[in-house]
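Step one of this worksheet: look at the structure below.
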There are 2 protein chains.
Amino acid sequence: MPEPRFRRRKEDRPQEITEAAFEAFAEKGYSATRVDEVAKRAGVSKGLLYLYFKTKEDLFKAVIRSFVVPKIDELTTIIDNSELSSEEFLRGPFLDFVKTLPGSPISILIRLMISEGPKHPDLLDFYWENVVSRGLGALNIIVKRGVENGEFKHSCVDEFPHLFVMPVVFSVLFKLLFEKQCPDTDKLIEAQVGLLIDHMKGEHS
Amino acid sequence: MPEPRFRRRKEDRPQEITEAAFEAFAEKGYSATRVDEVAKRAGVSKGLLYLYFKTKEDLFKAVIRSFVVPKIDELTTIIDNSELSSEEFLRGPFLDFVKTLPGSPISILIRLMISEGPKHPDLLDFYWENVVSRGLGALNIIVKRGVENGEFKHSCVDEFPHLFVMPVVFSVLFKLLFEKQCPDTDKLIEAQVGLLIDHMKGEHS
DNA sequence: TCACTTGCTGACCCATGGGTCATTAACTAT
DNA sequence: ATAGTTAATGACCCATGGGTCAGCAAGTGA
């Protein structure tokens, strides 16, 4: 009795395909990845892939959606369930979270957003709304909370939560491009966060 | 007497072609740019382009080489000809220099390095040696000089000149991707530099 | 078991674009 | 002048890979 040549599993296919695509894109980037290759990795024919995703671009968008957004959800969940002071939160859970990013598969998606973003304005809008602005917003809340309860003074950090994100983006890219020459990204990120907290706690306008 | 159909200008062609390629790459990215298009912009036939550059990849490398390296030379020249204190230098010429980068054509090359770099390891090596390590080295000298002459205390900045570069890379990318939502990059960069200088001047280990 | 739906296949199509080369014409030297 | 050199052309080649579709077979229900 021979194994069936294939099995019909309508429910699982999309996820299997996006996972395969994620791996492939991560290894080779978007344009160097062949649709055939993705199909092969997913153990599926190219034709089937085109049944679930209208174009290669579509597939790409699905990958971004399904892998990056959960990562941000993770962060906001941590915030909501935390009773720590702002400083404790930044030095604890926040630092733990962002230190995992450089070197993780997520970093590749960040690179893909940089390379492919300008060609997909609607994707950038989506990414802005669901990832970047939510992330910056979360940081803003933490900082504001710290100022309001007297932990921190007012400073330029109020205006630029970006200052907390910078070292993460930088580390992600540095590790990706110059792995051999890369500084200890954990320490770099810690240094910046420590620096910002010191600054917010000290005497400044 | 008719205009000649073309003129032989062996000397000028390479530069004209790399300039055209720079523009084209800047607008469309590497893989979306057609060799034909570059040739047309340079007012030249595709065949001629292949006389001066063996492959499209070759052309890309030439573009990076001829546009990014001079930018770093500019920076090191400023340093060598400056008699300012470290703080004055950082707040003056350094800040002026890096503030011009976001929004300039150079920022597109940074994006291209990020997208195409991983596919061209030798290009990354070149870039590291001629741009990144030279830039970080220059910053290191400034910081070290400041520490030696008592302007600055020892701090984590000694170890991470990267802290000065972070906001620049970040601003470049942010403006490129989310122009509409982009904060005032001049202020962001100034904030970080000011923050670092304050930190170096204060009491820290 | 037999007709029917539909998930799935893989051979095929064809636009695209990197790269070539036989030919042409602008310079150069004698 | 004129023969020789080579910058420059552009029509052509062909591998590549995104996208299609006629047909096949796994599941389904009567």
Considering only distance and modelled atom types, tabulate donor-acceptor pairs under 3.5 Å from the side chains of residues 132-139 of chain A, sequence neighbours left out.
from      : atom 1 : to        : atom 2 : distance (Å)
Arg134(A) : NH1    : Asp73(A)  : OD1    : 3.1
Arg134(A) : NH1    : Asn130(A) : O      : 3.3
Arg134(A) : NH2    : Asp73(A)  : OD1    : 2.8

Side-chain atoms of residues 79-98 of chain A: list all donor-acceptor pairs with protein atoms under 3.5 Å, sequence neighbours left out, distances to 0.1 Å.
from     : atom 1 : to        : atom 2 : distance (Å)
Asn81(A) : ND2    : Thr77(A)  : O      : 3.4
Ser82(A) : OG     : Leu84(A)  : N      : 3.2
Ser85(A) : OG     : Glu88(A)  : N      : 3.1
Ser85(A) : OG     : Glu88(A)  : OE1    : 3.3
Ser85(A) : OG     : Glu151(A) : OE2    : 3.3
Ser86(A) : OG     : Ile142(A) : O      : 2.7
Ser86(A) : OG     : Gly146(A) : N      : 3.2
Glu87(A) : OE1    : Lys201(A) : NZ     : 3.1
Glu87(A) : OE2    : Arg91(A)  : NE     : 2.9
Glu87(A) : OE2    : Arg91(A)  : NH2    : 3.4
Glu87(A) : OE2    : Lys201(A) : NZ     : 3.4
Glu88(A) : OE1    : Ser85(A)  : N      : 3.1

List the atom pairs, with distances to 0.1 Å, where a side-chain N or O of residues 104-111 of chain A and a protein N or O form a donor-acceptor pair under 3.5 Å, not counting sequence neighbours.
from      : atom 1 : to        : atom 2 : distance (Å)
Ser104(A) : OG     : Leu101(A) : O      : 3.0
Ser104(A) : OG     : Ile106(A) : N      : 3.1
Ser107(A) : OG     : Ser104(A) : O      : 2.6
Arg111(A) : NE     : Ile114(B) : O      : 3.3

Atom pairs, N/O to N/O, protein against nucleotides 5-8 of chain D, distance under 3.5 Å?
from   : atom 1 : to       : atom 2 : distance (Å)
dT6(D) : O4'    : Arg8(B)  : NH2    : 3.3
dT6(D) : O2     : Arg8(B)  : NH2    : 2.4
dA7(D) : OP1    : Lys10(B) : NZ     : 3.3
dA7(D) : O4'    : Arg8(B)  : NE     : 2.9
dA7(D) : O4'    : Arg8(B)  : NH2    : 3.1
dA8(D) : OP1    : Arg7(B)  : O      : 2.7
dA8(D) : OP1    : Arg9(B)  : N      : 2.4
dA8(D) : OP1    : Arg13(B) : NE     : 3.1
dA8(D) : OP1    : Arg13(B) : NH2    : 3.2
dA8(D) : OP2    : Tyr52(B) : OH     : 2.9

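Here the side chains of Val143(B) and Pro161(B) are not in contact, with every heavy-atom distance at 4.5 Å or above.
In this structure, Phe174(A) and Phe170(A) have tilted ring planes: the angle between them lies in the 30° to 60° band. Between Phe67(A) and Phe22(A), the ring-plane angle classifies as parallel under the 30° and 60° cut-offs.
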| task | Assign a letter to each nucleotide of nucleotides 14-20 of chain C from its 5' end: B, base within under 4.0 Å of a protein heavy atom; S, sugar-phosphate only; -, no contact. | result | ---SBBB

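The distance from atom CG of Leu49(B) to atom C1' of dC21(C) is 16 Å, rounded to the nearest whole Å. Going from atom CD of Glu16(A) over to atom P of dG7(C) covers 15 Å, rounded to whole Å.
The two atoms that bring Ala62(B) and Thr18(B) nearest to each other are CB-CG2, 3.9 Å, heavy atoms only.
Residues Glu57(A) and Lys61(A) are paired through a salt bridge, judged by an N-O separation under 4.0 Å between the basic side chain and the carboxylate.
The terminal axes of the helix from dT1(C)-dA30(D) to dT30(C)-dA1(D), fitted over 5 pairs per end, subtend an angle of 0° to the nearest 10°.
The main-chain N or O of Thr33(B) is found under 3.5 Å from a side-chain atom of Lys56(B) such that the two form a donor-acceptor pair. A distance-only check finds no donor-acceptor pair linking the side chain of Glu116(B) to the backbone of Tyr30(B) [under 3.5 Å].
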